[in-house]
Amino acid sequence: MSINEQMVQDIVQDVLAKMQIASDVQGDRGVFKDMNEAIEAAKASQKIVAKMSLDHREKVISNIRKKIMENAEILARMGVQETGMGNVGHKILKHQLVAEKTPGTEDITTQAWSGDRGGLTLIEMGPFGVIGAITPCTNPSETVLCNTIGMFAGGNTVVFNPHPAAIKTSIYAVNLLNEASVEAGGPDNIACTVEHPTLETSNIMMKHPAIQLIAATGGPGVVTAVLSSGRRGIGAGAGNPPALVDETADIRKAAEDIVNGCTFDNNLPCIAEKEIVAVDSIADELMHYMVNEQGCYLASKEEQDALTNVVLAGGKLNRKCVGRDAKTLLGMIGVTVPDNIRCITFEGPKEHPLIATELMMPILGVVRAKDFDDAVEQAVWLEHGNRHSAHIHSKNVDRITKYAKAIDTAILVKNGPSYAALGFGGEGFCTFTIASRTGEGLTSASSFTKRRRCVMTDSLCIR
Ligand code: NAD
């Protein structure tokens, strides 16, 4: 192979980018060698946070938002480079979304009753103290930043045990959070972590008496571990969201929305469309638009088999395929496609391994259903009882309601791309911790607080 000038330039660019990222990883505020030290530091910090006014907490949060916006590109590049997963442009958008739409102290509200007994009773949302948080490699800094804004708004500090495959990116985010706090007159160590997170450091965290609440964002293993820890747990687990399309939908728009949602950050978001269930009468039309207008590559039976062998090598999800783009995935099976190919599609039964498994890559199998009821049944099966996310494209409100009740998920997007559920092109706030297993749903500051009843008798009712 001969080396031309362009190749040399590409190599130089790559090395410069790596050097830039290496020099970006400088600060180590909140980073400890030992998990017990990290927890003690977060505990000392929380004593200060507990005395801060809500206004002061909000001032810190504003500075965190500003710093996330300033660092969105660095964080996005670092995340992609360290994990090898995702898309830089989309990750920038995800960080901007965290900065702009993660709720702060306004989410901490008070409920009040006053009445005939002449008194006043309040329900106040108070902090747990130090929260333990376990974060995934798929949205590493997004989750660290989003969790901390909510937890800190609720008066807590947080200790992270991040995914080891994303530790640099997570440390960068932790440092940024503490810098933002100190600059705004808050304490250091509002977010802490360890240099080398392992299952052992995770266990230390889960058993430490200072940790009364653990928020786990990841696959089924970590959620089960946290729910077995004896601590209160917020379990944000796996999904396998189906997108159901019926004959009343705008089929062309459904194809566009579904492929946009599926390919966002190379399908890493847990809420992203992972497969389609289409009623028979519109299935061909839908696939026509997907292939001819939305950059989907129609994989042959042989290509599906080859992909299955690579993606689910030995029946196990191949981490080297997770979060890769369609062109790269096809390259792994020796198929060369142009750059405008952004998704791989094919028709298959719901049991097809590339359809039934949560892959987190832009492979979007289409399951044909004979009618709407059959589509609901197949979609419910494909969601595997995770009760996480599901999507539907239909103009029939009764059908949407029927589907919503049958699939019973924390998120159901109607007639839009899945990311609308995160507040991106949809109403509502942003989160990267969707507590499907434990029922909090889309978490925000109030999810990280405990309810306290304050009762005053015989006074303060002025009605
Ligand atoms: P993962 O389960 O491999 O890892 C998640 C975190 O849990 C990591 O920090 C990991 O080190 C830790 N972990 C794993 N097993 C553990 C155990 N037994 N004890 C303690 N810690 C353990 O997941 P991932 O690949 O990083 O992320 C992808 C998965 O997370 C997908 O299944 C996706 O659906 C899910 N996810 C869910 C949400 C949500 O909000 N519900 C958000 C993002 C990702």
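Order of listing sets the numbers, starting from 1, for every ligand and every atom in it. This is a predicted model, so every value here is computed, not measured.
When A435, A166, G218 are checked for heavy-atom proximity to atom 5 (C) of ligand 1, G218 turns out nearest. Considering only non-hydrogen atoms, atom 42 (C) of ligand 1 lies nearest to T217 out of T217, N161, L317. Residue nearest to atom 10 (C) of ligand 1, selected from K274, R437, H163: H163 (by heavy-atom distance). Between the choices E358, M360, M85, the shortest heavy-atom distance to atom 28 (C) of ligand 1 belongs to M360.
Near I134, the atoms of ligand 1 lying under 4.0 angstrom from a non-hydrogen atom of the residue are 6 (C), 7 (O), 9 (O), 12 (C). Numbered from 1 in the order shown, with element, the atoms of ligand 1 that lie under 4.0 Å from a heavy atom of T138 read 27 (O), 28 (C), 44 (C). Using a 4.0 Å cut-off to heavy atoms of G237, the atoms of ligand 1 that qualify are 37 (C), 38 (C), 39 (C), 41 (N). Under a 4.0 Å criterion applied to the non-hydrogen atoms of G239, ligand 1 contributes the atoms 34 (O).
The local environment of CD in E200 is sparse, with at most 12 non-hydrogen atoms from other residues, nucleotides or ligands closer than 6.0 Å.
Smallest separation of non-hydrogen atoms from R387 and D408: NE-OD2, 2.9 Å. Between P269 and D265, the shortest heavy-atom contact is CD-CB, 4.1 Å.
Only the side chain of A225 comes within 4.0 Å of ligand 1, judged by heavy-atom distances. At a 4.0 Å heavy-atom cut-off, ligand 1 does not touch E142 at all. Counting heavy atoms under 4.0 Å from ligand 1, residue N139 touches it through the side chain alone. With a 4.0 Å heavy-atom cut-off, ligand 1 is reached by no atom of P269. Proximity of S202 to ligand 1, defined as any heavy-atom pair under 4.0 Å, is confined to the side chain (atoms from C-beta onward).
In terms of protein heavy-atom proximity, atom 26 (O) of ligand 1 is nearest to C137 N, 2.8 Å. The nearest heavy-atom contact from the protein to atom 1 (P) of ligand 1 is G219 N, 3.9 Å. Annotation: atom 3 (O) of ligand 1 to nearest protein heavy atom, R319 NH2, 3.6 Å. The nearest protein atom to atom 14 (C) of ligand 1, hydrogens excluded, is given as V222 CB, 3.8 Å; this is a heavy-atom distance.
A salt bridge links K66 to E70: at least one charged side-chain nitrogen sits closer than 4.0 Å to a carboxylate oxygen. Remark: E358 does not engage K274 in a salt bridge, criterion side-chain N to carboxylate O under 4.0 Å. Using a 4.0 Å cut-off between a side-chain N of Lys or Arg and a carboxylate O of Asp or Glu, E100 and R65 do not qualify as a salt bridge.
Counting only N and O atoms by type, the side chains of R342 and Q294 include a donor and acceptor under 3.5 Å apart.
Listed by chain and number, the residues in a ring-ring contact (aromatic ring centres under 6.0 Å, His included) with F264 are H90, Y419, F424 (sequence neighbours excluded). For the side chain to side chain contact (heavy atoms under 4.5 Å, CB included) test, residues two or more places apart in sequence or in another chain that qualify with K327 are D325, V337, D339.
One distance of note links CD1 of I234 with OG1 of T438; it measures 6.0 Å at 0.5 Å rounding.
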